[in-house]
Amino acid sequence: MPSAPFRQLPFDQVPEGPRVPHRWRDTQRRDLTIRTDDLGEVRIAVREYGPTVQGGFSGPSPVFLVHGMGTTGYSWRYVLETLGQRHLLIIPDLPGAGDSDHPDVYLGPDVMARALLAIIKARGFGARPVIANSMGGYIAMRAAMLDPAAMSRLVNLHSPGVPTFKMGALRWAMRLLPSWRILNRMIARDPERWVHENVHYFDEELKSREEHRVYAAPLREVAGRRTYYRQLRDTLDTRDMKQFVRALRATPFPIPLQLVYAPSDPIVPAAIGDRLHALVPQAQFVRLATGSHFAHVDAPSQFLDAVTPFLSAGP
């Protein structure tokens with residue numbers, strides 16, 4: 001256990017390799033090409049792990065794992081071994097993240113949602129379960145509302161989606177200040193240090209230089225920093241969140257939904273989970289005993305205990 005929750009390690013004390021081993025290097029990569037009206041043609045890097053990769057798929061349906069803003073598919077590294085015993089795990093880097101292309105266009109939440117739908121369609125498995133974290137959970141909920149037939153059920157791990165005062169203040173700051181120049185300069189100075197200071201774990205000793213390099217890779221290029229900025233400004237715009245809330249009030253959520261939130265999170269308050277549950281009362285709601293915004297990293301056993309029965313309950 002950490003000496004104190006969320007106590008950030010000094011940057012120069014972060015170890016080279018992860019303290020807890022994982023199976024990310026055993027994933028296999030394939031690149032997909034998607035096309036949407038919003039993005040045009042985009043190359044998407046996808047990693048896969050599970051029975052078909054290991055030689056002979058015999059378990060339940062494949063599962064898509066969708067990361068959040070500022071991370072990549074690598075964020076799912078600590079659930080691969082357990083989930084991959086029964087599922088083929090399909091793990092894309094979203095447009096603008098990781099090894100995928102970085103389109104320099106408006107990246108509103110439905111633009112990203114349509115991109116996620118295109119990724120699911122391009123992989124060719126039909127409607128399958130999706131587990132999504134943070135911004136990924138928000139756009140996955142919007143994707144299900146745009147096309148309910150695209151996924152069979154959804155686990156939303158600690159996503160935003162309900163406007164807060166802090167997010168509203170961020171929206172105005174992004175528009176009133178020379179925000180692109182400021183953010184670009186701050187990140188370009190040292191992308192790995194930016195990652196270190198903006199990815200927070202309940203147990204900060206889980207950080208490694210390996211993780212810093214993976215998350216910082218797209219931020220080393222102007223195009224990667226630009227899509228990061230667009231996601232912060234466009235995808236998380238509180239005006240769209242208000243529309244999202246109105247839509248949830250007006251119409252029942254169209255597929256089985258599980259909301260999973262940890263008690264402490266310096267990024268998205270745990271109360272957002274309560275508010276989303278009030279908007280989707282038929283959703284299964286799980287409050288973890290510990291962990292963070294990235295519970296699949298710092299509380300993976302608790303997270304898997306919550307998710308596995310939900311996945312087993314349907315296709």
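Start at 1 with the first residue, then count along the sequence.
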Aromatic ring proximity, centroids under 6.0 angstrom, Phe244 and Tyr138: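 Yes, ring centres under 6.0 Å apart.
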is_close_aromatic(Tyr201, Phe294), centroid dist under 6.0 Å: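 So the answer is yes for these two rings.
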Counting heavy atoms not belonging to [X], are there more than 12 under 6.0 Å from its [atom1]?
X      : atom1 : result
Arg25  : CZ    : no
Gln8   : CD    : yes
Arg175 : CZ    : yes

Would you kindly check if the NZ (Lys) or CZ (Arg) of [X] is within the cone defined by 45 degrees around the ring axis of [Y] and under 6.0 Å from the six-membered ring centre?
X      : Y      : value
Arg209 : Phe11  : yes
Arg226 : Trp180 : yes
Arg153 : Phe310 : yes

Given side chains that start at C-beta, do those of [X] and [Y] come closer than 4.5 Å, heavy atoms only?
X      : Y      : answer
Arg230 : Thr235 : no
Val63  : Leu83  : no
Ile91  : Val46  : no
Tyr106 : Asp38  : no
Arg43  : Leu32  : no
Thr308 : Leu311 : no

Tyr261 and His158 aromatic ring geometry - parallel, tilted or perpendicular at 30°/60° bounds: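 Rings of His158 and Tyr261: tilted, 30 to 60°.
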Phe285 and His277 aromatic ring geometry - parallel, tilted or perpendicular at 30°/60° bounds: parallel
Short N-O contact, [X] and [Y], less than 4.0 angstrom:
X      : Y      : result
Arg29  : Asp31  : yes
Arg114 : Asp147 : no
Arg213 : Glu192 : no
Arg19  : Glu205 : yes

Measure the spacing between [atom1] of [X] and [atom2] of [Y] and express it to the nearest 0.5 Å.
X      : Y      : atom1 : atom2 : value
Thr72  : Asp99  : OG1   : CG    : 7.5 Å
Leu259 : Ile272 : CG    : CD1   : 11.5 Å
Asn184 : Tyr229 : CG    : OH    : 10.5 Å
Met112 : Met69  : CE    : CE    : 9.5 Å
Leu80  : Thr27  : CG    : OG1   : 7.0 Å

Minimum heavy-atom distance Leu39-Pro103, with the two atoms named: CD2-CG, 4.1 Å
Single hit among His296, Glu210, Glu211 for side-chain hydrogen bond (donor to acceptor under 3.5 Å, both in side chains) with Arg77: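 Exactly one option meets the side-chain hydrogen bond (donor to acceptor under 3.5 Å, both in side chains) with Arg77, and it is Glu211.
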side-chain contact (heavy atoms from CB on, under 4.5 Å) partner of Leu232, chosen from Arg171, Met135, Met174: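 In the set Arg171, Met135, Met174, the residue that makes a side-chain contact (heavy atoms from CB on, under 4.5 Å) with Leu232 is Met174.
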